[in-house]
K.L.:
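I'd like to ask some things about the structure below.
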Amino acid sequence: MRLKNLIISVCAVILLVIPLLLPAITNVALERDIAPSWLQTYGAYKELPAYYHFLRRNHKVDSEKWLRASIKLSVDIPEVSYEVSEYYRHLGRDNQALFWLKKSANKGVEKAILRLAKYYIAEKQVVKADRLLSSSMQHRDVLELSIETALMLGDELQFKERKNILANIDKRAPLLVTLSNFSIFEQLQPLNRQCVINIQPIATKLNDLILLQHRISELSAFPINDFICFEKPLYHPLKALACFHQNAERIQCNVNIWQSYPLTHVDYLLIMSPEGGANVDHGIIYIDRHDTIDVLVHELMHSFGFIDEYPLPLNHQRCSTAQTKPFAHNVVVLENEVLYGDRKKLRTKVLEQLPWRDHILPTTPILTAVENGWQVGTSEMQNNLVGLYHSRTCHGNRTGNKTAIKLQAFKPIQSKTKLEYFELKVPTLYWQILKQQPKRFLMPDHRVNAKRLH
């Protein structure tokens, strides 16, 4: 009787203890990946965190069980929310990825904060990005990105405060070294070098300052670099440029803002805009961050007096009337009519209009015999010689007069050049012409035009 009572008591104790010990036993078994199926079932029933960690370890990232376990754990583990966000991002399900990214960022996960801030920046929501970053600047990477967003917003106070915080952490931080390469909220120090022209590079964000500096270094492969001195790249807030073009339209900004800026020591401004079509306007060379070195060379050549060899806009002033004197190194615009008279005298008269006349051999024809007269131009059969070949510069242009004079633009060589297609080369002849008279057709500098437009 006593034995029976003892057995009953022991069984009662076991029945009481097992429910208390089973969760701990299950956790240990799941954590060691040795849990049998019945313990796994118990872990799922009890919704033990160890069970969901077990599922994440033992199932592929793209599996349904991994995702279900991750969503359960994300409530208490914000790093898991970030993993779920990455899962959806790789699937291309952007809305769900953004939802989980925000959950993780709001819980202070550094990599989530950085990714979300970069997303806001890409969406042109820089204020949102800056606000997010400023709430978690104890992380160094977050602090460094917040320095960049302060620049994007043109916030001098926040830029300097955050820069000082970084300097206190690490005076030799690579970002600080990079920033020292540019003029940012500081007094300009002219380099005072002697060149044909001095250019002030300007960009509106750190990445563009770096890219612009890289583009300038790429210029060393082009002879045009021998005629240019570049100042230390200057930061200028995008909103202060007061640009009014849309997306891929020709870049247009308010040129009057430079009237009061201390830039009298430079001739031209080279501005990298976030977007828009490259062009030269009133002593300012505009490019965007997507433009290659070929585009930059093309635009710089305009500043030295090379004109486009592709069709200019309709009714362009250069194509409205025949020139009375040369206006560009590479193109002349002449009346496209039959000339009558002595060939030698006519040749001399035509040559007077050509900036490249010294490169034309006496034996190279620039007049072609037609019925009772002479037509201006060199035959395409002479395409290996410097002469007078048709350019598309004024193609389609006409004067506004009812008795419109037909005009024809000419260039010195027959082959296509970088003045027509960015990706092509600049002919050696063009560099030779520029070297002979680098200042002959320089466009008016930004100081002259700022006064004229003020």
K.L.:
Please enumerate all residues that pass side chain to side chain contact (heavy atoms under 4.5 Å, CB included) together with Glu420, with sequence neighbours excluded.
P.N.:
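Once residues adjacent in sequence are excluded, the partners of Glu420 under the side chain to side chain contact (heavy atoms under 4.5 Å, CB included) criterion are Glu309, Tyr310, Arg392, Lys411, Lys416.
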K.L.:
Taking His329 for the side chain and Phe304 for the main chain, is one N or O donor matched with an acceptor at less than 3.5 Å?
P.N.:
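Between the backbone of Phe304 and the side chain of His329 there is a qualifying donor-acceptor contact (under 3.5 Å).
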K.L.:
Tell me if a side-chain donor or acceptor on Asp445 pairs with a main-chain N or O of Gly283 at a distance below 3.5 Å.
P.N.:
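Flag not set: sc Asp445 to bb Gly283 has no pair under 3.5 Å.
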K.L.:
Ser85 side chain to Ala97 main-chain N or O, any donor-acceptor pair under 3.5 Å?
P.N.:
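Yes, Ser85 side chain to Ala97 backbone: donor-acceptor pair under 3.5 Å.
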K.L.:
Run the side chain to side chain contact (heavy atoms under 4.5 Å, CB included) check on Ile184 and Phe159 step by step: do they pass?
P.N.:
CA-CA 10 Å; Ile184 302 175; Phe159 170 77; 3.7 Å; yes
K.L.:
Got Arg68 and His59 here, is their nearest side-chain heavy-atom distance under 4.5 Å?
P.N.:
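Answer no - side chains too far apart.
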K.L.:
Take Lys128 and Glu123 through the salt bridge (charged side-chain N to carboxylate O under 4.0 Å, His left out) test and state the conclusion after the steps.
P.N.:
CA-CA 10 Å; Lys128 265 190 176 182; Glu123 293 295 311; over 6 Å; no
K.L.:
Is the shortest side-chain heavy-atom distance between Thr378 and Leu385 below 4.5 Å?
P.N.:
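Of all side-chain heavy-atom pairs linking Leu385 with Thr378, none is under 4.5 Å.
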K.L.:
Among side-chain atoms of Asp308 and His302, is any donor-acceptor pair under 3.5 angstrom?
P.N.:
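Yes - a donor-acceptor pair under 3.5 Å links their side chains.
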K.L.:
Assess whether side chain to side chain contact (heavy atoms under 4.5 Å, CB included) is satisfied between Ser81 and Val109, documenting all intermediate values.
P.N.:
CA-CA 9 Å; Ser81 296; Val109 177; over 6 Å; no
K.L.:
Is it the case that atom CG in Asn164 sees more than 12 heavy atoms from other parts of the structure closer than 6.0 Å?
P.N.:
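Yes, because the 6.0 Å sphere around CG of Asn164 holds more than 12 heavy atoms from other groups.
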K.L.:
Would a 4.5 Å heavy-atom cut-off, applied to side chains only, mark Arg140 and Asp170 as touching?
P.N.:
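Arg140 vs Asp170: side chains touch.
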K.L.:
Any ring-ring contact (aromatic ring centres under 6.0 Å, His included) involving residues 108-135? Give me the pairs, sequence neighbours left out, ordered by first then second residue.
P.N.:
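Sorted pair list comes back empty.
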K.L.:
Within the distance-only criterion (no hydrogens, no angle test), does the side chain of His298 pair as donor or acceptor with the backbone N or O of Lys418 below 3.5 angstrom?
P.N.:
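Looks like yes, one N/O pair under 3.5 Å.
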K.L.:
Between His316 and Arg318 (side chain of the first, backbone of the second, donor and acceptor by atom type, cut-off under 3.5 Å), is there such a pair?
P.N.:
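Yes: the side chain of His316 pairs with the backbone of Arg318.
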K.L.:
Does a side-chain heavy-atom distance below 4.5 Å link Asp288 with Asp291?
P.N.:
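Side chain of Asp288 against side chain of Asp291, heavy atoms only: contact under 4.5 Å found.
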K.L.:
Any side-chain heavy atom of Pro49 within less than 4.5 Å of one from Asp76?
P.N.:
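A side-chain contact under 4.5 Å is absent here.
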K.L.:
For a quick test of reading the model, state the closest non-hydrogen atom pair linking Leu407 to Cys319 and the distance between them.
P.N.:
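That would be CD1-O, 3.2 Å.
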K.L.:
Taking atom types as modelled and ignoring hydrogens, do the side chains of His236 and Gln200 form a donor-acceptor contact shorter than 3.5 angstrom?
P.N.:
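No.
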K.L.:
Counting distance only, does the side-chain N/O of Tyr268 pair as donor-acceptor with the main-chain N or O of Leu300 below 3.5 Å?
P.N.:
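Flag not set: sc Tyr268 to bb Leu300 has no pair under 3.5 Å.
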K.L.:
Side chains of Val331 and Leu419: closer than 4.5 Å at any heavy-atom pair?
P.N.:
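Side chain of Val331 against side chain of Leu419, heavy atoms only: no contact under 4.5 Å found.
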K.L.:
Decide if the gap between the ring center of Tyr87 and the ring center of Trp100 is smaller than 6.0 angstrom.
P.N.:
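No, the ring of Tyr87 stays outside the 6.0 Å limit from the ring of Trp100, centre to centre.
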K.L.:
Could you tell me which non-hydrogen atom of Val84 sits nearest to which non-hydrogen atom of Ser70, and how far apart they are?
P.N.:
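For Val84 and Ser70, the tightest heavy-atom pair comes out as CG2-CB, 3.6 Å.
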K.L.:
Given side chains that start at C-beta, do those of Glu83 and Leu73 come closer than 4.5 Å, heavy atoms only?
P.N.:
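Sidechains of Leu73 and Glu83: no contact.
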K.L.:
Restricting to non-hydrogen atoms, name the atom on Ser391 and the atom on Thr393 that form the minimum distance, rounded to 0.1 Å.
P.N.:
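Distance-wise, the nearest heavy atoms are OG-OG1, 2.7 Å.
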K.L.:
Do Thr264 and Trp258 pass the side chain to side chain contact (heavy atoms under 4.5 Å, CB included) test, and can you show the C-alpha distance, the side-chain angles, and the key distance before you say yes or no?
P.N.:
CA-CA 9 Å; Thr264 56; Trp258 306 112; over 6 Å; no
K.L.:
Would you say the side chain of Val426 lies within less than 4.5 Å of the side chain of Ile224, judging by non-hydrogen atoms?
P.N.:
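Result no, sub-4.5 Å side-chain heavy-atom pair not found.
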K.L.:
Looking at Ser135 and Leu132, would you say the former's side chain and the latter's main chain have a donor-acceptor pair under 3.5 Å?
P.N.:
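Yes, Ser135 side chain to Leu132 backbone: donor-acceptor pair under 3.5 Å.
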K.L.:
Using a cut-off of 6.0 Å, state whether more than 12 heavy atoms not belonging to Glu380 lie near its atom CD.
P.N.:
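It does not: Glu380 CD has 12 such atoms or fewer within range.
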K.L.:
Between Glu86 and Lys111, is there a side-chain N and carboxylate O pair less than 4.0 Å apart?
P.N.:
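Answer for the salt bridge query: no.
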K.L.:
Donor-acceptor check, side chain of Asn207 to backbone of Lys205, threshold 3.5 angstrom: yes or no?
P.N.:
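Not at all, since once roles are kept as given, no pair shorter than 3.5 Å links the two residues.
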